[in-house]
Amino acid sequence: MGSLPGPPSSTGVTIEEEDLRRLFGSQKRHMNYFFDHLDLSQTRAFAQLLFNATGAIFFSGVGKSGFVARKLSQTLASLGFVRSGFLSPVDALHGDIGVVSSSDILVLLSKSGSSEELLRLAPCLRSRGAFLVSITSVEDNPLAAVCDMNVHLPLERELCPFDLAPVTSAAVQMVFGDTVAVALMAAKKLKKEEYAANHPAGRIGKSLIFKVKDVMKKRGELPVCREGDLIMDQLVELTSKGCGCLLVIEDNDRLIGTFTDGDLRRTLKAYGEGIFKLTVGQMCNRKPRTISMDAMAVEAMRKMESPPSPVQFLPVVNDENAVVGIVTLHGLVSAGL
């Protein structure tokens, strides 16, 4: 599939692919420098501190480090077993410090370790008995000197041509914090269901929580018929239930097969007026894909998309192959999956 041309340049200057390749290559080398020089003993001590926390874990920072601090606090909070939040250094000095107690941990992010706001905040936090951790990239910085623990994030240089804009240092902070968060998940042996419980409104939670029975159409909404029914007599049932198919059942609602609107078109093309004499049972698919009501909804979507060709619905059956519902692709998408 071809790409669309970009908007015309008003200056006549274009960004070349080779320039982008060089920049991404440079950023990769700078990130590799971080990975190759990170002190894992410091990292382990930091991760263990967070894992053993009895109080809340607050993250703080200014500028780009502040954005990273906010994101990392949200990541930890989403795990469910850690109380975490973001503490604005400015707002903390104007009253918000009241949320901090002696059992809390404060993680202060700063590339240089010389952020004035954090240096003013640190002694106030210490007076409340909180444990202070600085995460910095400059050796022997003033912030590290006033904290109980320091984690050094090795930084070769910023990708910025002036070595000023924090494009590499912010990426390093984010990678470091998120990796530690995953280490906490592994140490806690966090289960998918526990993680999903903290994301009930997002696609993550829905894919791990929702089962087929939560999104399927139930008995009164099903487009059902018998195998002896004439195809032409079932057109209303085929089109009115919004499923694009008929579920062909026998006694005790056991599933015989399915007949879709695609089957209708193919039958009409092949038999013409002869379709008036054909029964649904003669033309239905007797080996349809099915799913149980207790299966995960995301599994239903995978099953619909699997070879040899995708389908738009799955009959939902019980252990006796009796129809209890139908799940449609439209229903799954509408549920946020």
Judged by atom type as modelled, is there a donor-acceptor pair below 3.5 Å linking the side chain of S60 to the main-chain atoms of L87? yes
Can any side-chain N or O of T136 pair as donor or acceptor with the backbone N or O of K111 at less than 3.5 Å? no
Going by an N to O cut-off under 4.0 Å, is there a salt bridge joining E227 and R286? yes
Is there a donor-acceptor pair closer than 3.5 Å between any side-chain N or O of R128 and the backbone N or O of V100? yes
Donor-acceptor pair, distance only, cut-off 3.5 Å: does the side chain of N52 make one with the backbone of Q48? yes
Using a 6.0 Å cut-off, check whether atom CD1 of I15 has over 12 heavy atoms from anything other than its own residue. no
If I compare all heavy atoms of P154 with all of Y33, which pair ends up nearest, and what's the gap? CB-CE2, 4.0 Å
Are V327 and M301 packed together at the side-chain level, in the sense that at least one heavy-atom pair is separated by less than 4.5 angstrom? no
Under 3.5 Å, is there a donor-acceptor pair between the side chain of K303 and the main chain of T290? yes
On a heavy-atom basis, which atom in G228 and which in T279 lie closest, and how many Å separate them? O-CG2, 3.5 Å
Test of understanding: clusters of I, L, V, M, F, W, Y form through side-chain heavy atoms closer than 4.5 Å, transitively. Do L222 and L314 belong to the same one? no
Around R120, counting heavy atoms of other residues, nucleotides and ligands shown, do more than 12 lie under 6.0 Å from its CZ? no
For F259 versus L238, what's the shortest heavy-atom pair and its separation? O-CD1, 3.8 Å
Are L125 and V99 connected in the hydrophobic side-chain network, where two residues link if heavy atoms are under 4.5 Å apart? yes
Transitive ILVMFWY side-chain link V68 to L184, under 4.5 Å: yes
Can you find a heavy atom in the side chain of M304 that is under 4.5 Å from one in the side chain of P310? no
Does one side chain, of Q312 or T328, offer a donor that lies under 3.5 Å from an acceptor on the other? no
Check for a donor-acceptor pair, side chain of D91 on one end and backbone N or O of S88 on the other, with a separation under 3.5 Å. no
I'd like to check F59 versus L76 (side-chain heavy atoms, cut-off strictly below 4.5 Å). Are they in contact? yes
Does CZ in F67 sit with more than 12 non-hydrogen atoms of other residues, nucleotides or ligands closer than 6.0 Å? no
Looking at T260, is its backbone amide N or carbonyl O close enough to the side chain of D263 to form a donor-acceptor pair, meaning the two atoms are under 3.5 Å apart? yes
Looking at S115 and E117, would you say the former's side chain and the latter's main chain have a donor-acceptor pair under 3.5 Å? no
Inspect the contact between D251 and R226 and indicate whether a charged nitrogen and a carboxylate oxygen are less than 4.0 angstrom apart. yes
Would you say S41 and D39 are linked by a side-chain donor-acceptor pair, where the criterion is simply a distance under 3.5 Å? yes
P142 vs L119 side-chain heavy atoms within contact, under 4.5 Å: yes
Between K218 and E221, does any NZ, NE, NH1 or NH2 come within less than 4.0 Å of an OD or OE carboxylate oxygen? no
Answer whether the closest heavy-atom distance between the side chains of F34 and L155 falls below 4.5 Å. no
Stepwise side-chain contact (heavy atoms from CB on, under 4.5 Å) test for C245 and I326: CA-CA 10 Å; C245 71; I326 187 171; 3.5 Å; yes
Got a donor-acceptor contact below 3.5 angstrom from the N141 side chain to the V138 backbone? yes
More than 12 heavy atoms of other residues, nucleotides or ligands under 6.0 Å from CD of E250: yes or no? yes
Joint cluster assignment, L50 & L40, ILVMFWY side-chain distance < 4.5 Å: yes
Measure from the side-chain N and O atoms of E158 to the backbone N and O of V167, and report whether any donor-acceptor pair falls under 3.5 Å. yes
Between the side chains of R29 and S26, does any donor sit under 3.5 Å from an acceptor? yes
How close do K211 and M296 get, heavy atom to heavy atom, and via which atoms? CG-SD, 4.0 Å
Close side-chain approach of V133 and C147, heavy atoms under 4.5 Å: no
